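All values derive from a computational prediction rather than experimental measurement. Just the heavy atoms: all of them, side chains too, but no hydrogens, waters or symmetry mates, feed the values below.
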Amino acid sequence: MTLVDDLMRLPRQMMAGGKGKGLAGPVLIILILSMMVLPLPPFLLDLLFTFNIALSIMVLLVSMYTMKALDFAAFPAVLLFTTLLRLSLNVASTRVVLMEGHTGPDAAGKVIEAFGHFLVGGNFAVGVMVFIILVVINFMVITKGAGRIAEVGARFTLDAMPGKQMAIDADLNAGLIGEDVARKRRAEVAQEADFYGSMDGASKFVRGDAVAGLLILVINIIGGLIVGMAQHGLDFSQAATSYTLLAIGDGLVAQIPALVISTAAGVIVSRVTTDEDVGGQLTGQLFANPQVLFLTAGVIGLMGLIPGMPNIAFLIIAGGLVWLGRRILQRGAVGAAAAAEAPPPPAPAESQEASWDDVALVDPLGLEVGYRLISLVDKSQNGELLGRIKSIRKKFAQDIGFLVPVVHIRDNLEIKPNAYVLKLKGVQIGEGEAFPGQWMAINPGQVSAPLPGTQTKDPAFGLPATWIDSGLREQAQIYGYTVVDASTVVATHLNHLIHAHAADLLGRQEVQQLLDRIGKESPMLVQDLVPKTLSLTTLQKVLQNLLEENVPIRDMRTILDVLAEHAPTVSDTTELSSLIRLSLSRAIVQQIFPGNEALQVIGLDSALDRVLLQALANSAGLEPGLADRLLREAQQAMDRQAGLGLAPVLVVQHPLRVLLARFLRRSLPQLKVLSHAEIPDTRTIQVTATIGATT
């Protein structure tokens, strides 16, 4: 089996499925390395050099049409393979040049001869200088610039990874994406870092290839002169003519693909990720403003009127720019006229008598948007907010245990164009502003530099933030900001408010639907409890008490079991809620403290504990001074917990839990109050902060 037969079989192996694809890489490496050792005939050299040129053009075109760098993630490996292919061809052609160069300029094939004649043009000194210039352009300009961009991109990508991971975790926690999507996005972040790291190293191959091409040229010329004059008896003029032509043709046929590959590397690492390829970005941004074209045409036209200048060339370019600018203006005018043509308003309907259809019922959940936010909620415009709201309702149902009502969305011309208002049963519970096309850069507290833009606050959590243009998104992530788009801002705000008002969203209808859902699996449990032992209203109040303290009601079977046991003797809904919390204690603690580690919590000073128990026994409220001190020291304890990275949890005696939970809930909603009876026996408690008060 000859090397020619192996090369002819290679495309068929690479096109075949299964095993063929797995063998393509190893076979290609073996053949490339074989070309450095085995002699190749001139015709096969012509085929391989042509294939090398075609391959470089393909790589350049693929890099031009990619939307983002990861669409061509195999580029570093392609860079290595193409560099090895060029070097192998250089070694094979050098062998032929030195062994057969005395026979004439076609000794190494027609391709090398054609490129040599094309560049030399009858003057060998000029040919050598032009070749050296091409090598310098490739080595000093394109390859060096692409390598520097890849190096900086790799460093910035690694620096931005924590911010990107935080954004993914925020979307996952808010229910905007699922676990599979989050896993895929994390993999893309890691793959992006690997890509730029690989590009930083792969760019060194191209630089080394440029240096090798220059050295091979010198070796071919000097070695050819020695071989031609010493071994084949040629005079200096004949040897210089033959071997210089072959050396220049050999170097040029390798350096042109190298220059194309280097350009492709520069395109890959220098592009900004958008929904357009490089060609679309250039034409869409460079020639989009007619004023720029007119001003450029004016400057070029004035230069063309200067005596001694190439007037015709300057005036032709100026005229072309004016024509292009007028075409853009005409296209914009046609689009504006088409947008202005709107159907006439419908004729006003005749006045009719009022009816019950005119009575508008209040929506349980409502979202009103300004006219500039309509694109976020319009199906015809692929509004992303609709899908995110569906994901929020689904995630809420899975985590909390009931399905919130549908969010009714409508536009409101009375609010600001970029404003939105969230309403619960017709009452406003939240508002904010969003800017489609821009990104909110949220400061989590550890950013390295400020950003230009509109200063604001995250509407969900009140963190300082900045609305920035899309071009600053990558820079913001590098600085440590959490960057989200406009629809994510509104969706996160809605998700936060739904969790905060979960108790208000649980109506009688939702409770009945929960009972119907449980009744399909345990019909006797539901029939014996509601309404025989417990009314639907009482059950609703008990569940609302749990939701007010952020206790999910997913385990309805346990909740109904506890109510069936204690409802005949206990009528107070608060006490029933406390009994249910005891049965759900393991789930409550696990939700706050995952795993089996010690519970690092806030405790009460013994003196304060006795004072509160005495006040509870006497049915007396807290004294104003004691209440102020309690709030102040609770806030200080929460700050200490936050500084240690711990959850703000206060553990008290069971009789005090309800009293303190109600008292602290309004001022310190983040502070969770547990009782010692709710801590499972398998978990240990470690008090890291103490709330004390003087009596």
In this structure, NE2 of His499 is separated from CD1 of Ile400 (nearest 0.5 Å) by 4.5 Å
Can you find a pair of side-chain heavy atoms, one from Gln513 and one from Leu403, that are under 4.5 Å apart? no
Can you check whether Gly445's main-chain N or O pairs, donor with acceptor, with Asn443's side chain at less than 3.5 Å? yes
Where do Glu384 and Ser487 come nearest, in terms of heavy atoms and distance? OE1-OG, 3.3 Å
Heavy-atom pair with the smallest gap, counting every atom of Leu671 and Pro648: CD1-O, 3.5 Å
To the nearest 0.5 Å, how far apart are CG in Leu505 and CD1 in Ile498? 7.0 Å
So CG of Leu55 and CG of Leu60: to nearest 0.5 Å the spacing works out to 11.5 Å
Judged by atom type as modelled, is there a donor-acceptor pair below 3.5 Å linking the side chain of Gln398 to the main-chain atoms of Lys395? no
When rounded to the nearest 0.5 Å, the distance separating CZ of Arg473 from CE of Met440 is 15.0 Å
Of the non-hydrogen atoms in Tyr420 and His493, which two are nearest, and what is the gap between them? OH-ND1, 2.9 Å
Check whether any side-chain heavy atom of Pro459 lies under 4.5 Å from a side-chain heavy atom of Glu433, and answer yes or no. no
Suppose the criterion is salt bridge (charged side-chain N to carboxylate O under 4.0 Å, His left out): which pairs have a residue in residues 477-505, not counting sequence neighbours? Arg388-Asp485
Tell me if a side-chain donor or acceptor on Asp469 pairs with a main-chain N or O of Leu472 at a distance below 3.5 Å. no
Just to verify, which of Arg662, Arg665, Lys672, Arg666 counts as forming a salt bridge (Lys or Arg N to Asp or Glu O under 4.0 Å) with Glu548? Arg665
Check whether any side-chain N or O of Glu431 sits under 3.5 Å from a backbone N or O of Ala419 as a donor-acceptor pair, and report yes or no. no
Quick one, Ile553 with Leu514, criterion side-chain contact (heavy atoms from CB on, under 4.5 Å). Give me CA distance, side-chain angles, the key distance, then yes/no. CA-CA 10 Å; Ile553 57 174; Leu514 276 175; 3.9 Å; yes
Taking every non-hydrogen atom, the tightest pair across Phe294 and Val322: CE2-O, 3.6 Å
Flag, side chain of Gln544 to backbone of Ala503, donor-acceptor distance under 3.5 Å: yes
Leu547/Phe402 under side-chain contact (heavy atoms from CB on, under 4.5 Å): CA gap, chis, key distance, verdict: CA-CA 11 Å; Leu547 292 174; Phe402 74 96; 3.6 Å; yes
Check whether any side-chain heavy atom of Leu674 sits under 4.5 Å from a side-chain heavy atom of Ile592, and report yes or no. yes
Main chain of Val404, side chain of Arg393: is a donor-acceptor contact present, judged purely on distance under 3.5 Å? yes
Counting only heavy atoms not in Arg632 (residues, nucleotides, ligands), do more than 12 fall under 6.0 Å from its CZ? yes
Quick check: closest heavy atoms across Gln641 and Gln600, and the distance to 0.1 Å? NE2-O, 3.3 Å
Would you mind reporting whether Leu424 and Leu497 have side-chain heavy atoms less than 4.5 Å apart? no
Is the shortest heavy-atom distance from the side chain of Leu367 to the side chain of Leu494 under 4.5 Å? no
More than 12 heavy atoms of other groups within 6.0 Å of Ile317 CD1: no
Under 4.5 Å between any side-chain heavy atoms of Pro452 and Ile468, yes or no? no
Verify side-chain contact (heavy atoms from CB on, under 4.5 Å) between Val484 and Thr492, making sure each step is shown before the conclusion. CA-CA 10 Å; Val484 294; Thr492 304; over 6 Å; no
May I have the step-by-step check of side chain to side chain donor-acceptor pair (under 3.5 Å) for Asp639 and Gln635, ending in yes or no? CA-CA 6 Å; Asp639 295 339; Gln635 181 65 60; 3.1 Å; yes
What verdict does the side-chain contact (heavy atoms from CB on, under 4.5 Å) test give for Val377 and Asp411, after you've listed the backbone C-alpha separation in whole Å, the side-chain angles of each residue and the deciding distance to 0.1 Å? CA-CA 10 Å; Val377 295; Asp411 60 316; over 6 Å; no
Keeping the roles fixed (side chain from Asn418, backbone from Ala434), state whether a donor-acceptor pair exists under 3.5 Å. yes
Heavy-atom distance under 4.5 Å between the side chains of Arg640 and Thr688, does that happen here? no
To the nearest 0.5 Å, what is the distance between CD1 on Ile409 and CG on Asp378? 10.5 Å
State, with a plain yes or no, whether a side-chain heavy atom of Leu385 is found less than 4.5 Å away from one of Leu373. no
Which atom pair, heavy atoms only, marks the closest approach of Leu451 to Thr466? O-CG2, 4.0 Å
For the CD atom of Gln590 and the CD1 atom of Ile588, what is their distance to the nearest 0.5 Å? 12.0 Å
